[in-house]
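Note sheet for the following structure.
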Amino acid sequence: MDTHLQALSSGTAPVSDDEIGALRGVLRGCVLLPGKPGYDAARAIWNGMIDRRPGMIVQALGAADVIQGVNFAREHGVALAVRGGGHNVAGNAVCDGGIMLDLSRMRSVHVDPATHRARVEGGALLSDVDKETQAFGLAVPVGINSTTGIAGLTLGGGFGWTSRKLGLAIDNLLSVDIVTADGVLRRADATQHPDLFWAVRGGSGNFGVVTSFEFQLSSLGPQVTAGLLLHPLTDAPALMREYRRLVADAPDELTVWLVLRKAPPAPFVPAEWRDKEVLVIALCYAGPMADGEAAAAPFRALGKPIVDLVGPHPFVGWQATFDPLLTPGARNYWKSHDFKEFTDATGEALLNAVWRLPTSECEVFVGHLGGRINRVRPDATAFPRRDVEFVVNAHTRWRDPAQDTACIDWARDLFQALAPHAMGSVYVNFMPADETDRVPGAFGSNYARLAEAKRRYDPQNLFRMNQNIPSAA
Ligand SMILES: Cc1cc2nc3c(=O)[nH]c(=O)nc-3n(C[C@H](O)[C@H](O)[C@H](O)COP(=O)(O)OP(=O)(O)OC[C@H]3O[C@@H](n4cnc5c(N)ncnc54)[C@H](O)[C@@H]3O)c2cc1C
């Protein structure tokens with residue numbers, strides 16, 4: 001009997017039981033079909049809004065399996081989605097009816113302490129990378145939620161607590177092993193397929209399946225000066241002005257984010273402040289501990305914090321600080337803007353919205369960029385946004401589908417209110433599924449060159465479940 005999978009362009013593509021059996025026979029991993037054990041767990045991703053049912057899941061255990069999965073999809077003309085950590089808010093890791101190539105069992109990280117290099121498999125999570133590298137007092141700049149996948153994060157750029165000092169994840173990438181649409185495993189680096197290496201550093205999942213990333217590591221930790229300062233939201237106007245003044249002179253080592261939300265029921269939050277609107281100053285110093293204390297002092301002196309948790313923290317633990325607020329399964333919708341400056345008008349627009357949060361789990365992040373990130377030329381990699389100083393992400397999060405409209409509208413309203421003050425560009429990794437019109441803007445001045453790389457490496461657009469770049473004519 002034939003299984004009918006979603007075809008790459010439209011309609012369905014028939015695949016026989018014998019063909020599925022033959023695929024099973026050559027894999028080290030497995031094929032999961034609807035209704036079979038493991039299928040539902042494999043198709044579940046971070047954003048609970050996404051409930052797609054692939055026709056077949058190929059769970060890869062290594063590059064050979066990835067090659068088989070890519071060849072099978074191409075030869076049968078079947079739609080293909082690639083899953084790394086499954087964290088992307090747009091839900092591109094999973095498709096309806098087609099093949100989901102699932103790398104979530106490929107999580108090994110191998111660190112060479114002598115060369116300060118790490119090779120990381122394409123399904124690894126940030127926590128895998130942090131734990132292995134920190135065992136040697138080493139680190140690579142990644143994001144602020146340790147259950148995020150290294151693959152999607154890196155392919156879109158990748159920034160976090162150490163990026164002002166160390167650059168984006170892609171600025172520390174030495175090579176990738178990537179299976180392109182023709183089913184060939186290629187090593188792309190500065191000298192081999194340099195056009196492909198350029199394109200994967202910011203061009204998202206458009207060019208193939210990365211089976212492993214090779215990173216240059218830097219010395220850091222095992223302790224850093226870091227922590228949270230919790231303030232009443234009523235004090236936010238003055239605090240945001242002081243924040244702007246202080247971060248203008250911040251050294252590269254110091255990264256200071258703002259989070260505006262209702263205080264969570266965390267053990268460190270006094271009972272009377274739980275579920276009340278707060279402004280959180282979150283900071284991390286990626287350098288010597290004593291210098292970190294001095295750099296954090298002016299922020300700790302601001303206002304009258306409800307809680308001051310700034311101090312020495314194990315870097316691995318700090319990297320997971322926000323994990324309890326960002327667990328998988330909730331419904332999520334994001335809207336994001338880039339900013340050159342964080343002005344009073346921007347702060348006012350944020351506050352107007354945060355006093356009207358639709359649920360207790362919604363929040364707005366002000367991410368602090370600049371530093372080394374912005375000292376790389378916009379065309380040196382496919383990541384063009386080298387002049388952004390702040391990223392604001394309206395992160396709406398809720399449980400009940402009946403709240404979908406209220407939550408999505410709240411994020412869109414805030415997005416509109418911020419638009420006059422924003423740069424117009426957006427971080428490709430923060431885009432929800434309905435922002436296809438913003439894709440060219442996300443790749444900016446590098447879009448045409450990316451379309452040319454797409455023509456060379458994926459002319460049929462096999463890899464289209466992403467913030468998609470059509471191939472140049
Ligand atoms: C709670 C949360 C916090 C975040 N914080 C940050 C942050 O601090 N900094 C930051 O930079 N980003 C952050 N992000 C955004 C994050 O970088 C993106 O969501 C990223 O796409 C996640 O990667 P993933 O592998 O988990 O995603 P997936 O959903 O698995 O994949 C995302 C995209 O990448 C493709 N892809 C996945 N694996 C591969 C592979 N091996 N080869 C080729 N293509 C692949 C997929 O097909 C898909 O198009 C955050 C996201 C969340 C949900």
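Just so you know, ligand 1 is whichever comes first in the structure, and atom 1 is the first atom listed for that ligand.
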In terms of relative ring orientation, are [X] and [Y] parallel, tilted or perpendicular, with 30° and 60° separating the classes?
X      : Y      : value
Trp318 : Phe322 : perpendicular
Phe342 : Phe390 : tilted
Trp334 : Trp46  : perpendicular

Ignoring angles and geometry beyond distance, decide whether [X] reaches within less than 3.5 Å of ligand 1 through its nitrogen or oxygen atoms.
X      : value
Phe159 : yes
Leu155 : no
His87  : yes
Gly143 : no
Gly149 : yes

Qualifying residue, where the test is side chain to side chain donor-acceptor pair (under 3.5 Å) with Tyr457 and the options are Thr180, Asn206, Asp195: Asp195
Is the closest heavy-atom distance from [X] to ligand 1 below 4.0 Å?
X      : result
Phe430 : yes
Gly156 : no
Ala90  : no
Phe207 : no
Trp334 : yes

Is the [atom1] atom of [X] crowded by more than 12 outside heavy atoms at less than 6.0 Å?
X      : atom1 : result
Lys165 : NZ    : no
Gln192 : CD    : yes
Glu75  : CD    : yes

Looking at non-hydrogen atoms alone, which of [options] comes nearest to [atom]?
atom                    : options                       : result
atom 24 (P) of ligand 1 : Gly85, Pro141, Gly160, Ala124 : Gly85
atom 29 (O) of ligand 1 : Val82, Ile178, Val89, Asn88   : Asn88
atom 42 (N) of ligand 1 : Val210, Val66, Val200, Asn429 : Val210
atom 48 (C) of ligand 1 : Asn92, Asn145, Asp102         : Asn92

I'd like to check which ligand 1 atoms, numbered from 1 as shown, lie under 4.0 Å from a non-hydrogen atom of [X].
X      : result
Leu103 : 41 (N)
Leu326 : 1 (C)
Ala151 : 38 (N), 39 (C), 40 (C), 41 (N)
Thr148 : 16 (C), 22 (C)
Gly86  : 24 (P), 26 (O), 27 (O), 28 (P), 29 (O), 30 (O)
Gly205 : 44 (N)
Gly84  : 25 (O), 30 (O), 37 (C), 38 (N)
Asn466 : 49 (O)

What part of Trp46, side chain, backbone, both or neither, has a heavy atom within less than 4.0 angstrom of ligand 1? side chain
Note: Gln467, heavy atoms under 4.0 Å from ligand 1, region reported as neither
Heavy atom of the protein closest to [atom] (residue, atom name, distance):
atom                    : value
atom 12 (N) of ligand 1 : Leu153 CD1, 3.5 Å
atom 43 (C) of ligand 1 : Gly208 O, 3.1 Å
atom 49 (O) of ligand 1 : Met465 O, 3.0 Å
atom 5 (N) of ligand 1  : Ile144 CG1, 4.0 Å
atom 11 (O) of ligand 1 : Tyr427 OH, 2.6 Å
atom 34 (O) of ligand 1 : Gly152 CA, 3.8 Å

So, applying salt bridge (Lys or Arg N to Asp or Glu O under 4.0 Å) with Asp171, which one of Arg375, Arg377, Arg386 is it? Arg386
Any chance you could lay out the ring-ring contact (aromatic ring centres under 6.0 Å, His included) test for Phe443 and Phe383, step after step, and finish with the verdict? CA-CA 7 Å; Phe443 297 113; Phe383 183 95; 9.6 Å; no
Electrostatic pair [X]:[Y] at N-O distance under 4.0 angstrom:
X      : Y      : answer
Asp40  : Arg43  : yes
Arg261 : Glu361 : no
Arg331 : Asp51  : no
Glu363 : Lys262 : no
Asp252 : Arg372 : no

Tell me whether the NZ or CZ atom of Arg201 lies within the 45° cone about the ring axis of Phe197 and under 6.0 Å from its centre. yes
Centroid-centroid under 6.0 Å between His421 and Phe339 rings: no
Validation row: Ile144, Trp257 side chains within 4.5 angstrom (heavy atoms): yes
